[in-house]
Amino acid sequence: MAPVDPHSYTESTHPLTTNISLSLYFDFSTSTIHAAALLSLPTPHSGDLSLDTRSLTIRQVLDPQTLAPIQFSLSSDTDPIKGCLLTVSLSDQSSLLLVFSTSPDSSALQWLSPPQTFNKTHPFVYTQCQSIHARSVFPCQDTPAARVCYKALINIPHQLSAVMAAQHVDRRPPIAGETKMIGGESFDFDYESLWCTEGRIVEEFEMNQPVPPYLFAFAVGELGSREVGPRTKVYAESVPAVLDAAAQEFAGTEELIRQGERLFGEYDWERFDLLVLPPSFPYGGMENPRMVFLTPTVIKGDASGAQVVAHELAHSWTGNLITNKNNEHFWLNEGFTTYAERRIVEVVQGEDRAGLNIGIGWRGLNEEMERFKDNMEFTKLKTNQEGVDPDAVYSEVPYEKGFQFLWRIERQIGRPAFDEFLKKYIATFKFKSIDTETFLDFLKTNVPGIEKQVDLELWTEGIGIPPDAYEPVSNIYTKIVSLANEFKLGKIPREEEVADWQGQEWELYLENLPKSVEASQVVALDARYRLAESKDYEVKVAFLQLAISCNCRDYYGEVEKTLKEVGRMKYLRPLYRALVQGTGKDEEKILAKRVFGEARDCYHPIARGVVESIFAKHL
């Protein structure tokens, strides 16, 4: 018996699920979902079938044809990373019906009470299933190796609406009998009556293209939308100011899609809708097909948020169409997507903007080398993650080192040849999950002799940054780095030197400043440019990191405010780490613990776990 994935109980000898039908009843009063999942296999199977679960109550497993019980067992031990193993004993059966409930501490779900929403009237819930959290919503083979099509009935209070990373089929009242297969006797209540309670509505969805479980996604709340293109609506909580700002920020989305198609082939997902989530959303964006999830922090009022949209769009080809087989090959998702994003940005926003993007990434990659200096395994592209929580080692390495690897190949064979290679790669592995070896074999077959020109093994299995990686060269990049170097000598940029700077220029400048400068210099920089109050969180957080590293306690109030108003891990990680890392930081450590104690309930469970792991390492 061999697992296919270090983060899953899925066995290589077991058939992989092909279809899932879900019925989900949302109980906001208890922050739980009562549910049934019909799993279909490609062929009849006899013997054990291993499924991943986390924080689920499994009530029954039934044969869907006869409703006869199927024997099952749940492991008594909970693995801190993988959760609980659900073993189901099948006898020449090709489908099974699981009846279960989620728990309020599901790691994928964040339930927001009305006071935590914009309108403060209705509750809100949303999913974040990447990397390994779909198992806390429904039992499944929670590995990217298992691609599934699915249908879902979402039963919610009628004042609310639902969106999903799937095609919307209908919004209608519940139908008596549509849950007759959901063995109601296994609940402590009459599930059939509950389903048809007055004041409920059912939203129906289907996803007919096979996707990995981590791309399963929904959100339920008081939602509104704005049309921004022939294939795109922007959704958010029903607040006109939020919807208008989002529609303005993402008005150029159709042009991004068209450029993506020109570079990588036809867009296969029909719709490219965007959902702006509450500030607690733990990522910048999540590439859920047909319905990208976004943090509100990408709405900056200058259309630069389009770069995050470009990244999530690029995943429509690399990540969603072609997927890493498991998280040890995560660079296949993120390195390709970072490369694709920058190609789209270069066409739509110009070479300077793409160059800045690469420069910020280069700086980030170098900082990750410092972060992992005691565990260089995670500076490789192909990593060993046995016994490792993927959320704990999430970093810019798969993004930026992966980008650098592909950029190196492009420089070697020329852009026209690399573009042809990319299109062929995408067409060949569409709707498949692959590993690094599969990619390298395809590369060597289609670019004969490439292994003699580029050290493929060093790039994919070597630690650190290879010597033929490439720091970007552009006038604007060089000028910003040069100004940052002058800061060491006490020189603050003149206003005419920064007159046309946007957030990215400031971000690059701040990230290149030395970490140990006089507190008075930091105060003087902020007095002139008001960086601590920036509406652009990339700028604000980069500045606050600098302030913490220089023991500039004047800004700790702003640090606390920032940690309490957003839940994006890109900001939480560096700020909490800066507060607790190193010696002689008693005051900062007390501040970090107090702020987290007061803010933790507003963070998504994934973000809470990441902050707790930082504390475990440094406190």
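Counting begins at 1 with the first residue of the sequence. Side-chain atoms are counted along with the backbone in the values below, which use heavy atoms only and exclude waters and symmetry mates.
With sequence neighbours left out, P210 forms a side chain to side chain contact (heavy atoms under 4.5 Å, CB included) with R147, C149, F431. Looking at residues two or more places apart in sequence or on another chain, you find no side-chain hydrogen bond (donor to acceptor under 3.5 Å, both in side chains) involving H122. Here P104 pairs with S31, T32 under the side chain to side chain contact (heavy atoms under 4.5 Å, CB included) rule; sequence neighbours left out. For D5, there are no salt bridge (Lys or Arg N to Asp or Glu O under 4.0 Å) partners, not counting sequence neighbours. A search for side-chain hydrogen bond (donor to acceptor under 3.5 Å, both in side chains) contacts involving Y537 returns E565, not counting sequence neighbours. Every side chain to side chain contact (heavy atoms under 4.5 Å, CB included) that I201 has, sequence neighbours left out, goes to I156, H158, R171. Remark: S113 pairs with Q116 by the side-chain hydrogen bond (donor to acceptor under 3.5 Å, both in side chains) rule, at least two apart or across chains. For the side chain to side chain contact (heavy atoms under 4.5 Å, CB included) test, residues two or more places apart in sequence or in another chain that qualify with S103 are S55, D105. Take E198 and apply the salt bridge (Lys or Arg N to Asp or Glu O under 4.0 Å) test, not counting sequence neighbours, and it matches no residue. For Y267, the side-chain hydrogen bond (donor to acceptor under 3.5 Å, both in side chains) test picks out no residue, with sequence neighbours left out.
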Go through the steps to decide whether F205 and F218 satisfy the test ring pair (Phe, Tyr, Trp, His ring centres under 6.0 Å), and finish with yes or no. CA-CA 10 Å; F205 296 89; F218 61 71; 9.2 Å; no

Any chance you could lay out the side chain to side chain donor-acceptor pair (under 3.5 Å) test for R54 and S107, step after step, and finish with the verdict? CA-CA 8 Å; R54 184 187 291 123; S107 59; 2.9 Å; yes

Under the side chain to side chain donor-acceptor pair (under 3.5 Å) criterion, do E206 and Y150 qualify, and how do the steps go? CA-CA 6 Å; E206 58 184 44; Y150 66 85; over 6 Å; no

Before you tell me yes or no, could you show the steps for L109 and T127 under side-chain contact (heavy atoms from CB on, under 4.5 Å), namely the whole-Å CA-CA distance, both residues' side-chain angles and the distance that decides it to 0.1 Å? CA-CA 5 Å; L109 296 168; T127 54; 3.6 Å; yes

Dump the intermediate steps for side chain to side chain donor-acceptor pair (under 3.5 Å) on T57 and S101, then the final yes or no. CA-CA 5 Å; T57 302; S101 298; 5.9 Å; no

Test side-chain contact (heavy atoms from CB on, under 4.5 Å) on H618 and I614; report intermediate values, then the result. CA-CA 6 Å; H618 296 290; I614 291 170; 4.0 Å; yes

side-chain contact (heavy atoms from CB on, under 4.5 Å) for T337 and W317? Distances and angles first, verdict last. CA-CA 8 Å; T337 297; W317 291 275; over 6 Å; no

Steps toward side-chain contact (heavy atoms from CB on, under 4.5 Å) verdict (V309, V292): CA-CA 8 Å; V309 173; V292 164; over 6 Å; no

Verify side chain to side chain donor-acceptor pair (under 3.5 Å) between Q128 and H133, making sure each step is shown before the conclusion. CA-CA 7 Å; Q128 174 55 41; H133 301 283; over 6 Å; no

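Here the closest non-hydrogen pair linking T102 and L56 is CA-CD2, 3.8 Å. Of all non-hydrogen atoms in L294 and G285, the two that sit nearest each other are CD2-CA, 4.1 Å. The two residues Q209 and D268 have their closest heavy-atom pair at NE2-O, 2.6 Å. The two residues A219 and L277 have their closest heavy-atom pair at CB-CD2, 4.4 Å. When all heavy atoms of V234 and A246 are compared, the pair lying nearest together is CG1-CB, 3.5 Å. Contact detail for P296 and P278: the closest heavy-atom pair is CD-O, 3.6 Å.
Under the 3.5 Å distance criterion, with hydrogens and angles disregarded, a donor-acceptor pair is assigned to the side chains of D27 and S29. Judged by distance alone, the side chains of R353 and Q502 do bring a donor and an acceptor atom under 3.5 Å apart. Donor-acceptor pairing under 3.5 Å is lacking for the side chains of H315 and E341. With no hydrogens or angles considered, a side-chain donor-acceptor pair links S280 and Q110 at under 3.5 Å. Side-chain contact of S106 with S136: a donor-acceptor pair under 3.5 Å is present, judged by distance alone. Donor-acceptor pairing under 3.5 Å is recorded for the side chains of Q349 and Q307.
Using a cutoff of 4.0 Å between basic side-chain nitrogens and carboxylate oxygens, K300 and E249 are not scored as salt-bridged. Between E400 and R363 no salt bridge is recorded (no basic side-chain N to carboxylate O distance below 4.0 Å). The pair K233-D273 does not count as a salt bridge, with every side-chain nitrogen at least 4.0 angstrom from each carboxylate oxygen. Residues E538 and R568 are paired through a salt bridge, judged by an N-O separation under 4.0 Å between the basic side chain and the carboxylate.
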Counting only pairs under 3.5 Å, give me each side-chain donor-acceptor contact of residues 251-258, with atom names and distances, residues two or more places apart or in other chains.
unit_1, atom_1, unit_2, atom_2, d
T253, OG1, F250, O, 2.6
E254, OE1, R231, NE, 3.3
E254, OE2, R231, NE, 3.4
E254, OE2, R231, NH2, 2.7
E255, OE1, R258, NH2, 3.3
E255, OE2, Q259, NE2, 3.0

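In this structure, F543 has its ring center at least 6.0 angstrom away from the ring center of Y529. In this structure, H604 has its ring center under 6.0 Å from that of Y126.
Distance alone, capped at 3.5 Å, is enough to place a donor-acceptor pair between the N119 side chain and the S238 backbone. No side-chain donor-acceptor contact under 3.5 Å links T232 to the backbone of V228.
Between F281 and F293, the angle of the ring planes goes over 60°, which puts this pair in the perpendicular group of the 30/60° scheme. Ring geometry, W195 versus Y25: the interplanar angle falls from 30° to 60°, so the pair is classed tilted. Relative ring orientation between Y394 and F330 is described as tilted, the plane-to-plane angle lying within the 30° to 60° band.
Here the straight-line distance linking atom CD of Q130 with atom CG of N288 works out to 8.5 Å at 0.5 Å rounding. D526 contributes atom CG, which lies 9.0 Å from atom CD of E558 (distance to the nearest 0.5 angstrom).
Counting only residues at least two apart or on different chains, the side chain to side chain donor-acceptor pair (under 3.5 Å) pairs with a member in residues 588-598 are R553-E588, Y556-E588, E560-R594, K564-E598, R594-E598.
For the side chain to side chain contact (heavy atoms under 4.5 Å, CB included) test with H7, the passing option among N327, N326, D142 is N327; the others fail.
Side-chain contact between E203 and H168 is present, with at least one heavy-atom pair separated by less than 4.5 Å.
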